[in-house]
Amino acid sequence: MRIERRLRQPRWLIVAVPAGSLVFAFFAAGLVLYATGHNALSSYRQIVDAAFLNSGAIGQTLTQATPLAFTGLAAAAAFRMRLFNIGAEGQLFMGAITADAAGLYLGGHGWPTALVIFAMVIAGCAGGAAWALIPGALRAFFKTNEIITSLMLNYVAAYVLTYLVFNTESYWRQTKGFNASVFPTSKTLPNDALWPSAMIHARGGIALPLGAGIAVLVAFLLWFLFTRTRFGFEAQVLGDSPRAAQYAGMRTRRKILAVMGISGAVAGLGGASQVGDFAHMLDADPNGLQKQYYGYTGIVVAALARYNPLAVVVVAFLIGALQNAGNTLQGADFPSGLVGVMQGIILFSALGGELLVRYRVRVGRTMPATEAA
Amino acid sequence: MTVQSEKDRRGADGAPPPPAVEMRGIVKRFPGVLANDRVDFEAAAGEVHALLGENGAGKSTLSNILTGLYRPDAGEIFIDGEPVQFHSPRDALDARIFMVHQHFRLVEPFTVAENVVLGDHRGEGRTFRLRHRAIEQRVAELSKRYGLAVDPRARVWQLSLGEQQRVEILKALYREARILILDEPTAVLTPQEADVLFETLREMAAEGRTVVFISHKLHEVKAVADRVTVLRGGRSVATVSAADATLRSLASLMVGRELDSGQPARARTPGEPVLELTDVWSDADRGDSAVRGASLVVRGGEIVAVAGVAGNGQRELAETVAGMRRATRGKILVCGKAIRAGDPRSAIAAGVAYVPEDRLGTGVAPSLSIASNLALKGYRERSSSHGPLLRIGRIREHAVELIQRYSIAAPGPGAPARLLSGGNLQKVVLAREFSGKPRLLIAASPTRGLDVGAIETVHAYLREAAADGVGVLLISEDLDEILLLADRVAVMYEGAIVGETSREEADVEEIGLLMAGGQDPRAD
Amino acid sequence: MRKRKHALAALVVAIAATGVVLAAGVGAGSAKSNSAFKVAWIYVGPHNDGGWSQAHDAGRLYVQKMLGSKVQTTYKENIAVGAQLQQTVASLVNQGYKMIFGTSYGYFSKAFAAKYPSVLFEQATGTDVAKNLSEYFGAAEDSVFLSGMAAGAASKTGDIGYVVAFPIPEVIRHANAFTLGAQVTHPGAKVHLVWTNNWFDPAKEKKAAQSLVAAGADVLGQNVDSPATGQFAESKGIPWVGYDSDSSKFAPKSWQTASVYNWGPYYLSRVKAAMNGTWKSGFYYGSMKSGFTGIAAFGPSVSAATKAKIAAKMKAIENGSFYEFTGPLYDQSGKLRVKSGVRMQVLKGGTNSLYGMSWLVKGVVGSPKG
């Protein structure tokens with residue numbers, strides 16, 4: 001038995017495999033649920049309710065999906081060029097730090113909210129991009145493996161984040177008031193630095209955060225950049241064959257720097273959205289933002305979306321729904337470990353299904369037919 | 001040492017001993033290629049036997065069959081007169097046949113002694129706990145006895161290539177190899193190191209082993225071998241005694257096919273120089289300089305061929321002119337203007353088109369569409385982009401047009417390039433390079449691996465380009481092709497142009513001699 | 001590109017279809033109407049962490065046991081502050097939970113409570129009080145002081161290691177109480193701090209314990225949530241003083257004692273009040289005397305003399321004749337911080353406030369800034 005690459009992907013497979021892997025996931029998870037004495041159907045029902053149907057469920061799903069969309073887009077942008085930026089996590093933290101600083105600095109002085117928000121967006125992009133350019137420059141100039149450097153910088157960024165609020169009286173830390181002396185907290189953003197959300201009056205009100213809109217916009221921009229511009233063309237060639245890119249006279253180093261910068265900027269934008277849309281302060285608690293692992297989940301999102309920016313948005317929404325449902329499901333009668341197992345089975349099936357679309361399993365020793373023209 | 005003595009090998013009845021190795025009627029086919037076509041080969045115990053031939057003549061295939069890496073489609077192998085069948089390299093090792101490959105099979109972080117014992121499934125290599133001291137001592141003994149100076153406790157990554165080669169030979173000696181095959185062993189050696197190696201090989205042969213020495217350098221073959229078997233085009237053409245052969249006779253055996261004159265090139269009137277190289281040097285991928293002081297002129301409308309055996313700096317020369325490799329010394333002028341060293345974009349802008357030897361990977365980006373690959377260089381032009389934006393529609397139209405004009409057999413402009421056959425891939429490259437309206441076209445082994453029909457098409461396009469006034473620099477190892485196309489032939493050896501002649505005056509034997517370093521002062 | 005869209009469309013359709021099928025299939029069965037009062041607990045770590053969260057979960061089970069079918073309780077574990085907490089609370093409210101205990105600082109703010117006016121929130125260790133938000137905690141400094149006495153008695157060299165979470169007043173006050181207690185049974189004892197910047201992180205806690213022992217500590221104590229320190233102490237044969245829960249089973253030989261909380265009775269009274277409508281928000285600070293805090297059963301290596309000394313101090317604290325945070329108290333630099341005879345207060349601001357304590361007493365080795 002061996003696995004080989006499909007030269008062509010039959011059309012029916014593209015429909016059948018995702019559906020099939022989902023059905024498989026539900027059966028496999030159902031067996032686990034049955035074995036642990038839970039009713040599979042009512043558990044699934046709860047998942048669907050919590051993710052989509054309950055009052056406010058969509059809003060909660062969006063809260064989870066928005067940062068995943070940003071980190072997923074960040075990963076997709078870099079991975080498309082085979083630049084394995086694992087650092088969206090740290091770049092998101094950095095973007096949160098810089099965007100929060102911009103919001104605190106500019107807010108509350110009577111400036112128009114739009115201007116303050118714009119500044120926060122720019123600051124978030126700059127913070128994330130700067131953090132991503134460290135591994136980018138190391139890769140471009142010294143051929144250092146960006147996987148390792150970007151991963152390590154995640155830990156550095158997490159420590160910086162905690163340090164700013166828990167271990168020093170920095171600009172971000174709330175130092176006034178009795179509450180601030182009891183437990184370290186960040187300064188809350190002034191009202192004119194809070195990002196607005198659009199309300200849809202259905203199902204108990206669905207709040208569309210501004211960040212979700214920005215994420216969709218960024219997805220379109222990235223899609224356009226990668227498919228319709230010279231820059232995207234060069235990035236594509238470079239991703240497929242660096243030698244061919246050199247041969248065609250493309251500037252390799254600049255492209256590595258630019259793509260890492262874009263990837264980091266998008267992740268940093270996710271950090272800005274965290275601050276502006278949801279937390280309204282710098283969430284430095286090691287049990288807070290740092291425990292969400294948005295940066296790492298974003299890689300899964302990007303892989304499931306096959307690095308297509310438009311698909312990233314959809315996948316982020318679905319994964320966000322899954323995570324949101326997980327919070328609802330767990331409790332006294334449903335261990336959180338079991339939730340993790342179910343989420344794992346679903347993701348594993350989806351990724352495994354992807355493999356079946358691209359590869360086929362061949363049994364026996366027959367030679368592959370040459371499909372080449 | 002348990003090498004059989006001369007007496008043992010002689011049969012009881014005193015008949016002459018069977019050859020140590022005999023291969024009869026070996027046939028090996030690969031998709032589209034007949035690599036070995038009824039090859040006969042035999043080598044006796046106690047001799048150094050050279051296997052001489054051009055690249056692609058079938059030397060490597062033959063040695064891979066002898067070492068059990070490939071199984072022949074037809075033919076028989078006898079070791080000491082006994083028929084054998086090798087199902088795996090392990091069987092060959094059991095028959096004490098050992099090969100030193102061009103690319104060494106060594107584990108870099110391990111010590112010399114550990115590498116020597118690695119994979120040995122007898123004796124020390126088999127025990128779970130290695131007795132380092134004993135192995136090191138044994139390796140030190142061997143290296144002293146055969147003049148293979150290397151420290152058994154050194155780590156392989158610390159060693160020079162020459163020293164690594166000695167480790168490979170030590171591996172063979174440690175396993176008491178009776179038949180040792182060396183694939184172009186001097187490629188990584190300095191002349192002094194090569195002389196030492198030759199002594200070692202002679203000594204091993206004197207002990208009754210068989211040494212098979214694969215090479216395409218004539219003076220080496222003559223210096224070390226007792227007999228020479230010449231392969232050409234997958235067939236064994238002759239086995240001669242090295243002492244009786246001359247460099248010239250060997251060269252003619254190696255390259256001297258009946259020349260098919262085909263359509264001789266029409267006399268063209270060369271125009272202005274489009275490429276002037278003066279004392280150009282550039283580095284190899286690893287280590288030393290590959291191009292060492294090459295000087296050459298190509299004029300518009302003429303085809304200048306650079307002949308040479310692979311590995312003499314031709315590929316690097318092509319890359320240097322195309323800007324993909326930085327020239328460390330010398331001057332490169334394209335249409336009278338200097339191009340920026342190591343900047344392909346500057347070369348492209350100056351009108352240099354380049355058909356690289358490595359089609360899939362350099363010439364095209366394999367996963368990208370045919371349309372994208374056809375636009376690989378032209379995407380910056382106004383016809384394909386509008387400021388930073390691509391004109392997707394125009395790129396596609398252009399691709400459809402080129403696919404039609406060059407009759408590229410493709411499912412469509414959107415299909416990934418890797419689905420194309422070699423000939424169609426080369427058409428994609430040529431179509432793109434010609435559409436850039438070049439002044440100079442560098443074609444590196446443009447027909448390698450193509451079938452007859454595709455070869456003719458490529459030849460026709462090259463002639464057409466020259467007729468349009470483009471200067472063509474053709475790099476090829478195929479003398480037939482060169483004599484068919486070129487107006488002038490330059491021969492490259494060890495990084496320099498060692499001779500130049502017009503097609504009319506070209507003498508195959510002369511060229512073969514130059515290619516094989518026959519004019520090398522060391523040769524005679 | 002088009003193919004990918006198809007794939008996604010298929011995925012969406014499949015999920016939607018499954019959702020509809022499941023909704024239809026189970027719709028009838030799940031309409032089990034329940035009149036029980038629904039109460040939820042939110043934990044920062046796992047409910048069986050062997051420390052802080054486990055103590056709270058014991059309290060939840062106590063409530064469930066005492067009120068039986070009249071209440072329905074659940075918990076959410078490993079909940080991060082921020083987005084995850086917001087989702088968790090939203091889904092709890094959605095499921096009809098009327099009362100939510102958050103057992104970590106930073107979960108609920110006044111603004112957050114105001115979003116759900118019909119839900120009663122209670123938060124441990126915090127200070128924000130609103131119409132539907134109460135705060136509660138225990139005077140663990142007293143019991144930590146007693147556990148510090150056990151640590152001091154167990155130490156030969158007088159160098160005690162203390163694994164601490166965040167450099168915040170709650171932890172600083174406990175570290176101080178622990179040190180003052182150790183100095184009673186081992187005059188001149190020094191307590192060395194290593195911060196982990198996390199409440200529950202067994203790996204980091206173990207590393208901290210390792211570094212403390214490497215630096216010469218011969219007894220370990222902690223103000224973090226997992227028993228990792230104790231497990232390490234057990235492996236080294238070093239006495240260990242725990243925190244939050246009786247964790248003797250993780251280190252039966254090393255175990256000395258621990259300051260523990262008994263949240264159950266408080267939870268029971270609050271849930272009862274909520275059920276009969278007498279619930280009022282406020283700030284509750286449970287004491288040893290009321291049984292809210294106390295010390296766990298002693299381990300086998302604690303001497304009878306030590307037990308007697310601790311029992312005597314406990315009695316003195318309970319009857320008010322002794323209070324560990326009474327001046328004179330000196331800080332690390334030897335500066336007098338609390339004048340002779342002055343008692344520190346719990347909530348009042350300034351240097352005399354336990355809830356704002358940002359300085360370490362003499363004998364603590366480490367920085368109050370982490």
Side-chain angles (χ1 to χ4, degrees), chain A residues 9 11 14-19 22-23 26 41-42 44-45 48-50 52-57 60 63-64 67 162 166-168 178-179 181-185 227 274 278-279 283 285-292 305-306 308 310-311 314-315 318 324 327-328 330-333 336 350 357, chain C residues 1 3-8 10-15 18-19 22-23 25-27 29-30 40 44 46-47 60 73-84 86-88 90-91 94-95 104-106 125-128 166-170 197-201 349 353 355-356 358 369-370:
Chain A
Q9 300 166 354
R11 194 156 276 244
I14 283 152
V15 179
V17 167
L22 201 70
V23 171
F26 278 123
L41 282 181
S42 73
Y44 293 154
R45 164 83 201 248
V48 174
D49 281 352
F52 306 110
L53 302 179
N54 283 343
S55 131
Q60 296 299 334
T63 305
Q64 197 72 18
T162 306
F166 280 81
N167 304 103
T168 179
F178 180 65
N179 269 355
S181 71
V182 175
F183 195 86
T185 49
T227 57
Q274 270 302 299
F278 307 112
D283 179 358
D285 195 325
N287 285 315
L289 183 57
Q290 294 174 37
K291 248 175 107 182
Q292 299 291 339
R306 289 214 221 169
N308 175 345
L310 299 179
V314 180
V315 175
L318 294 176
N324 177 24
N327 284 338
T328 305
Q330 71 130 310
D333 51 353
S336 59
V357 175
Chain C
M1 197 66 71
K3 288 177 182 174
R4 289 177 196 165
K5 274 189 211 148
H6 278 295
L8 282 167
L11 199 68
V12 174
V13 167
I15 287 177
T18 320
L22 293 173
V26 199
S30 73
V44 70
H47 72 283
R60 175 184 73 84
T73 68
T74 192
Y75 64 81
K76 302 283 176 182
E77 60 189 352
N78 283 321
I79 301 301
V81 300
Q84 199 187 0
Q86 291 178 22
Q87 272 164 26
T88 306
S91 78
N94 228 324
Q95 290 166 45
S104 185
Y105 190 91
T125 76
T127 52
D128 271 339
F166 291 102
I168 58 169
E170 174 190 330
N197 263 337
N198 211 330
W199 292 120
F200 181 80
D201 189 338
S353 154
Y355 259 54
S358 60
K369 288 200 180 292

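This structure is a prediction, so every number in the text was calculated from the model and none was measured. By convention in this document, chain letters (A, B, ...) are assigned in the order of the sequence lines, proteins followed by strands, and residues within each chain are numbered from 1.
In terms of non-hydrogen atom pairs under 4.5 Å with chain A, the most contact-rich of C:Gln87, C:Lys369, C:Glu170 is C:Gln87. No other option in C:Asp128, C:Thr127, C:Thr125, C:Asp201 has as many heavy-atom pairs under 4.5 Å with chain A as C:Thr127.
Proximity to chain A is limited to the side chain of C:Phe166, based on heavy atoms less than 4.5 angstrom apart. Contact annotation for A:Gln330: both backbone and side-chain heavy atoms come within less than 4.5 Å of a heavy atom of chain C. Proximity to chain C (any heavy atom under 4.5 Å) is restricted, for A:Asp283, to the side chain, taken from C-beta onward. Using a 4.5 Å cut-off between heavy atoms, C:Gln95 contacts chain A through its side chain alone, with no backbone atom that close. Proximity to chain C (any heavy atom under 4.5 Å) is shown, for A:Asn324, by both the backbone and the side chain.
Applying the side chain to side chain donor-acceptor pair (under 3.5 Å) rule to C:Thr88 yields no partners; only residues at least two apart in sequence or on another chain are considered. Partners of C:Pro46 according to the side chain to side chain contact (heavy atoms under 4.5 Å, CB included) rule, which considers only residues two or more places apart in sequence or in another chain, are C:Asn48, C:Asp49, C:Glu77, C:Asn78, C:Phe200.
In this structure, A:Thr162 OG1 and C:Asn197 CG are separated by 6.0 Å, a value rounded to the nearest 0.5 Å.
Between the side chain of A:Lys291 and the backbone N or O of C:Ile79 there is no donor-acceptor pair closer than 3.5 Å.
Residues A:Asn327 and C:Lys76 fail the side-chain proximity criterion, which asks for heavy atoms closer than 4.5 Å.
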